[in-house]
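Just so it is clear, the structure is predicted and the values come from calculations on it, not from any experiment. So that the names make sense, note that chain A is the first sequence line, chain B the second, and so on, each numbered from 1.
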Amino acid sequence: MLRAENLYKRFDDLAVLNGVSLSVTRGEVVAILGASGGGKSTLLRCLTGLERVERGGIAIGGRALCAAGPDGRAVYPHEKIMRQVLRPVGLVFQGFNLFPHFSVLRNLTEAQVLLGRPQRDAREKALALLHKVGLSDKADQYPYQLSGGQSQRVAIARALALDPDLLCFDEPTSALDPRLTQEVLGVIRALAAERRTMLVVTHEVQFAREVSDRVILMQDGVVLDEGTPDVVLGKDASLAMRSFLGAEPQ
Amino acid sequence: MSPFASPAALGNLLAQLLDGSLTTLRIFAWTLVLSLPLGLIVALGRLSRRRWLAGLVSFYILIMRGTPLMLQIITVHFILPGIIPGMRIDRFVSTIVAFALNYAAYFAEIYRGGIQSIPVGQAEAARVLGFTRAQTFLRIILPQTLKRILQPVSNEVITLVKDTSLATVIAVGELFRAAKNESSRTASIEPLFIAGVFYLLMNLVVTCFFHWSEKRLSYYQ
């Protein structure tokens, strides 16, 4: 579904990605763990086209979002091609980024309509998704009337409205207090149970252990550890993982 | 001879002032119709990633905001016929051109501030949902900008009502000129005060309009 090879990215003098490779197969849930500043979010932003890598290649569903040229530099296609390649990818942000001037319903329908779905179908789909995340009664409200947890559930529904083949989460609960965190994790759990392909950047180790098929530990722009949660987070966890887990409140 | 001396004198004064007000309103309306959209184009130029374009637009804004509008009106009035051959010197057209160019610069800076105040996450969210750049701007950024710029724009529009009096410098017969003429003719100051009331009434309408707009946009935060 997703294949990224040898990604390099720097912001001015700071090297954020130092040769990261990653792949996600269909139906797999992959969790990316790591201390803040380790490059997790930047990786996700590069994979979803919000940032461009300097070197390396990214392919989504077999189509190139960018490809390494002869000199290793990443070559990106035209904006329009990128949009097509990224079409099957959804992203849920840490800060929700709902559109404040649209009702909850319209937050879910707008992109569908722009992609050519009839208004009625878009509306039906939106209402079904709101039902799914338990917010049917909020359809006509505006984002400022929602709690953080509700906002994030709407944001998840908004991403689902475009039927993504790959759904990415960028620390979806980091802006929420513990109680609201659980309601959002509940929704993601339900999606994992449907065998949706997901890539989740998170600080919730317990959650990663529970829902993911594979865990990746990132630090200083490289992948330090990778494997099934049983192995990577188990008794024989690597030194790097132990030190990360030790620092992270469980 | 006070304009209040007889009903006929007062009637004459009000007729003169109303006639001037009509011209004032025409300057006002034409300036807004032209400068509000032009300002958006200027703002986009100012925000352009093309350095030369952003620089050129910055220079334009500097000139427009940095020199007196009165001087700009005079300049346009004497230069315009030279640039466009065969064009007759039309005081009203010169005034509108100068006002539109001047106000576009102010509106552009207000738009720019508004656009830049929208969190970058809004454009990112739109982008991952497959919006094109144009769709993102027109459907996500611009509507939210509108709400944020309403107050600074109302300031400019109120100033514009009063600035129309600057057109008197090239002898456009707007409200202030009419009042000054009547004041000289009758050797009294009342016509000027009455003109002041006229401006005040116009701005009352402007103020009400913006209050109404603000209410209409208060359905979200």
Side-chain angles (χ1 to χ4, degrees), chain A residues 41 44-45 47-51 78-80 82-104 106-117 140-146 151 154-155 157-164 166-170 175, chain B residues 36 40 43-45 47-51 53-54 110-154 209-221:
Chain A
S41 287
L44 205 56
R45 291 172 59 82
L47 298 177
T48 51
L50 292 177
E51 303 277 354
H78 188 267
E79 180 87 8
K80 204 171 157 186
M82 282 178 67
R83 216 170 27 247
Q84 286 168 9
V85 174
L86 288 166
R87 169 71 186 76
V89 180
L91 174 63
V92 174
F93 297 85
Q94 179 179 344
F96 330 133
N97 293 340
L98 295 178
F99 303 130
H101 59 309
F102 289 161
S103 68
V104 165
R106 188 152 173 210
N107 263 279
L108 270 62
T109 56
E110 190 76 0
Q112 298 185 62
V113 172
L114 288 181
L115 282 172
R117 270 188 205 151
D140 295 323
Q141 304 222 316
Y142 282 82
Y144 78 92
Q145 295 167 302
L146 305 176
S151 295
V154 170
R158 180 174 70 174
L160 288 172
L162 298 182
D163 302 312
L166 170 66
L167 188 51
C168 302
F169 294 84
D170 187 6
Chain B
L36 284 171
L40 190 56
L44 293 177
L47 288 168
S48 169
R49 270 173 292 187
R50 292 181 188 87
R51 284 259 181 86
L53 182 59
I110 293 174
Y111 293 152
R112 182 168 73 96
I115 290 167
Q116 288 181 326
S117 76
I118 306 297
V120 67
Q122 289 291 306
E124 291 182 350
R127 191 185 157 96
V128 294
L129 287 169
F131 287 54
T132 64
R133 280 171 60 113
Q135 287 166 343
T136 301
F137 183 71
L138 292 175
R139 289 164 188 263
I140 304 300
I141 307 299
L142 197 58
Q144 294 184 56
T145 301
L146 199 64
K147 181 178 168 112
R148 295 188 186 207
I149 63 172
L150 215 52
Q151 283 166 1
V153 165
S154 80
F209 170 78
F210 276 98
H211 279 170
W212 173 79
S213 306
E214 215 173 296
K215 255 200 204 117
R216 285 221 37 189
L217 287 177
S218 66
Y219 66 89
Y220 75 91
Q221 283 171 10

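- The shortest side-chain heavy-atom distance between B/Ile140 and A/His101 falls under the 4.5 Å cut-off.
- Counting all heavy atoms, side chain and backbone alike, B/Gly130 lies closest to A/Arg83 at O-CD, 3.4 Å.
- Between chain B and the residues A/Leu91, A/Leu114, A/Asn97, the largest count of heavy-atom pairs under 4.5 Å involves A/Leu114.
- Ranked by heavy-atom pairs shorter than 4.5 Å toward chain A, the options B/Arg133, B/Gln135, B/Glu124 are led by B/Glu124.
- At a 4.5 Å heavy-atom cutoff, the contact between A/Glu79 and chain B is made by side-chain atoms alone.
- Ion pairing of B/Arg139 with A/Glu110 is present here, as a side-chain N (NZ or NE/NH1/NH2) and a carboxylate O approach within less than 4.0 Å.
- Among the residues in residues 209-221 of chain B, those with a non-hydrogen atom closer than 4.5 angstrom to a non-hydrogen atom of chain A are B/Tyr219, B/Tyr220, B/Gln221.
- Contact annotation for A/Phe96: neither backbone nor side-chain heavy atoms come within less than 4.5 Å of a heavy atom of chain B.
- For the pair A/Leu162/B/Leu129, a side-chain contact is recorded, criterion being any heavy-atom separation below 4.5 Å from C-beta on.
- Heavy atoms closer than 4.5 Å to chain B are found in both the backbone and the side chain of A/Phe99.
- Annotation: side chain of B/Val128 is not in contact with side chain of A/Leu86 (no heavy-atom distance under 4.5 Å).
- Across all their heavy atoms, A/Arg158 and B/Ala125 have their closest contact at NH2-CB, 3.5 Å.
- Of all residues in residues 114-123 of chain B, those placing a non-hydrogen atom less than 4.5 angstrom from a non-hydrogen atom of chain A are B/Gly121, B/Gln122.
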